[in-house]
Structures are given as structure tokens and as C-alpha cells.
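Just so you know, these numbers come straight off a predicted model, no measurement behind them. Ligands are counted one by one from 1 in listed order, and the atoms in each one are counted from 1 as well.
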Amino acid sequence: MFQRKLSNGFKRFDAYAKPLDDFKVKTFAGGAVTIISSIIIIFLFISEFLDYRKVHTEPILTVDKSRKERMSIFMNITFPHMPCYLLSVDVMDVSGEQQNDIEHDVYKTRLDPNGNVIESEASFVGESEIEGDQDAELPPNYCGSCYGARRGCCNTCDEVKEAYAAKGWSFNNPGKVEQCVREGYGDKVEEQKNEGCNVHGFVKVNKVAGNFHFAPGKSFQQNGMHVHDLQQFYKSTDFDFSHIIHSISFGKPQERIFNPLDDTQKETSISRYQFQYFLKIVSTNTVYLDGTEEPSNQYSVTEHDQDFSIGSGVYGLPGVFFNYEISPMLVTYTETRKSFTSFLTGVCAIVGGVFTVAGIIDSFIYTAEKKLKKKIELGKAS
Ligand SMILES: *[C@@H]1O[C@H](CO)[C@@H](O)[C@H](O)[C@H]1NC(C)=O
């Protein structure tokens with residue numbers, strides 16, 4: 001009894017009063033419209049669902065207020081016509097920090113003229129690339145001369161070279177240096193004459209403008225200036241700074257970030273040739289769906305080459321230079337996905353919308369059909 005009352009009460013709220021079945025007519029056109037609209041609904045539902053599952057990324061540009069003091073530069077560059085012993089890597093920035101001939105996580109690998117790796121073991125940058133004959137018999141209490149470059153003993157060719165560099169002298173006559181002759185330095189240099197060098201690894205730098213460069217000879221400070229010992233480089237015209245950049249990235253390489261210098265190649269046959277790259281670095285932060293953040297950097301690049309060969313009238317340091325500046329802007333890529341409720345709303349809109357439109361079309365066809373029939377009947381009658 002109560003149940004019936006309740007159901008009667010509810011009936012009053014029915015906004016979808018149904019017509020009696022007897023008055024409904026099923027038509028061929030109505031069936032066609034229904035099938036077509038069902039197909040449309042399925043199609044729209046699938047695309048809505050795909051859109052719901054899809055991860056969207058939105059870039060937002062803001063001023064970079066974070067204070068990231070250090071930045072890692074990852075690199076992998078091959079110099080086909082520069083032997084490792086002659087190639088130095090230096091990093092400097094406007095804060096005044098200099099890392100001459102850096103000894104961090106950068107490795108040099110010797111390459112034969114065909115580009116194959118010679119030594120399986122890569123040497124640290126800064127380490128001696130010319131392995132001395134360390135077993136050479138030295139008299140006890142041996143104290144080699146530093147040839148006036150420094151007080152104390154210089155027992156290996158490398159130590160003499162370092163002493164020379166510290167003093168700002170160029171090391172141009174290894175044949176006259178007893179330590180180098182004993183270690184067969186000249187022969188080793190001769191042996192590596194046609195070799196190339198691959199440099200890979202990373203350096204940590206301050207996040208301020210600066211440059212890093214690959215240049216010939218050992219670098220040192222002289223009267224507050226950064227100079228390279230170019231004597232050995234100029235001895236031969238076989239050397240040049242053709243290079244292949246396999247990859248350069250500021251921060252760990254990321255899938256989303258495109259590094260425009262990756263897999264680029266520059267050729268020259270002139271030994272006194274300088275390549276310059278000017279990079280603008282933009283901090284980039286990626287916020288993933290699960291909330292984890294991955295900071296990195298993107299860059300844009302412009303290039304400039306210059307010929308310093310004798311007779312060109314200009315003088316400069318041959319090599320490959322990367323000058324970089326830090327942009328004050330920060331790009332944040334945020335991954336987003338449609339919420340489930342908005343997906344539901346979308347589905348309802350699709351189903352309701354298509355049915356309504358289909359209803360209008362159906363009734364239009366129905367009335368048109370009826371009118372047409374009437375006309376034909378009238379035509380027959382007359
Ligand atoms: C440097 O790049 C070359 C060429 O893509 C690759 O064969 C080599 O393994 C890379 N070196 C390192 C240390 O990733």
C-alpha cells in the first residue's frame with residue numbers, strides 16, 4: 001500500500017512523460033536516422049575517450065626565480081684531425097671562475113685516422129695523453145732539471161711541460177729536454193700525428209654566462225690573460241678543427257628537449273680556423289602527471305666561423321668555442337589530463353546532442369514524407 005503511494009508520488013516528478021505505444025509509428029527513415037546517429041555517437045565517444053586518455057602538455061613562461069647555482073654541460077664531440085695530446089678543453093665564466101684544462105668528468109679517447117677507437121681505456125682530460133716510459137731506469141736520488149722554469153725537480157716530461165706552462169713559457173723544443181727524450185716524447189707525438197680525438201663527459205659550471213672551448217696546446221695564465229701554447233699546433237698543417245657534435249646538452253638529455261646541435265658536423269681543411277657557437281640557454285622544467293619535476297635546459301644557437309690563416313689579416317685562437325648566455329625566462333611544461341567528470345560531461349553532451357539533432361531530422365523527414373504522400377494522392381484524384 002505504502003509502496004504504491006510512494007511510486008505514485010514519484011510519478012509526479014517524471015519529466016519524461018511517455019506517449020502511449022499505440023500512437024507510435026516506426027518508419028524506414030526513422031530507422032536509418034537511428035543507425036546513422038548511433039554510428040556517430042560511437043565515433044564521437046571513441047574520440048572523446050582517446051582525448052580523455054591523452055596527456056597534454058602546456059608550456060608556461062615565467063621569470064626564473066629559482067637559484068640554481070650549478071649547471072651540467074654534457075658533451076660528446078669528435079675531432080677527426082686533432083690528436084688528443086694537443087687538444088685542451090677549458091671552461092670559463094663571467095664570475096671569473098676558470099677551469100683550465102679541466103680535470104672533471106671529461107674523457108678523451110684516441111681515434112685512428114678512420115675514426116676507430118684506439119685505446120679501450122679513455123683518459124681523463126688533464127691526464128698525460130703521452131704515456132711516458134715510466135719503467136725507464138732512473139738513478140737513485142734523481143732530480144731532473146726544470147730548465148729554469150721552476151725550482152725543485154722535474155722528473156718527467158710532463159712535469160717539465162707543466163712547469164713551463166705555469167711560467168708562461170712555450171714548450172717548443174722537446175728534443176732538448178732530457179726527460180722527454182728519455183720517454184720518447186717525440187716518437188709518441190709522431191705516432192699520434194694522424195690521429196683524431198673524441199671528447200665526452202660532463203662539466204659542472206656556474207649558471208652564469210661563460211664559454212667553453214676546445215683549442216690546441218696547453219693553456220695557462222699569463223699576465224691575467226688566458227693563453228694557449230700553440231707552437232706544436234703550428235708545426236704541422238695536418239691539424240684542423242673539423243668536428244662532429246654527437247651531442248651537447250645543458251642538463252641531462254631529455255626526450256622532450258630537442259638540442260639543435262646534436263649530430264651536426266663542420267668541415268674545414270684550414271688549420272688556423274675558428275668555429276664559434278653562440279648559445280642562449282633557457283631553463284626548462286617538466287612537471288609530470290605524477291607531480292615529479294625534471295629541471296633541464298633548452299638552447300638556441302647561432303654560428304660564426306673565421307679564417308685566421310696567415311695572410312688573412314686577422315689573428316685569433318683557432319679552435320671550437322661555445323659561448324653561452326643564460327636567459328632569465330623559465331619554461332615550465334606541465335603534463336595534464338582531462339578529469340573523469342569532464343569526460344562524463346562530454347559523453348552526455350555527445351549522446352544527448354546527437355539524439356536531439358537526430359530527432360529533429362527524423363521529424364522533418366517524417367512531415368515532409370507525409371506532405372509528399374498527400375500531394376501525390378491529391379494529384380491522382382484530380
Ligand atoms: C658519442 O657519440 C658516438 C656517436 O653517436 C657514440 O658512438 C659514442 O658511444 C658516444 N660516446 C659516449 C660516451 O656516449
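With Cys153, the cysteine Cys146 has an SG gap of 2.5 Å or longer.
In this structure, Glu294 does not pair ionically with Lys252, as no charged nitrogen and carboxylate oxygen lie closer than 4.0 Å. With respect to Glu303 and Lys266, a salt bridge is recorded, a charged nitrogen being found less than 4.0 Å from a carboxylate O.
Distance alone, capped at 3.5 Å, places no donor-acceptor pair between the Ser327 side chain and the Glu325 backbone. Between the side chain of Asn76 and the backbone N or O of Ile245 there is no donor-acceptor pair closer than 3.5 Å.
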Note every protein N or O atom lying under 3.5 Å from an N or O atom of ligand 1, pairing the names and giving the distance.
from, atom 1, to, atom 2, distance (Å)
ligand 1, 2 (O), Asn76, ND2, 2.3
ligand 1, 11 (N), Asn76, ND2, 2.9

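In this structure the side chain of Phe241 reaches within 4.5 angstrom of the side chain of Leu87, judged on heavy atoms.
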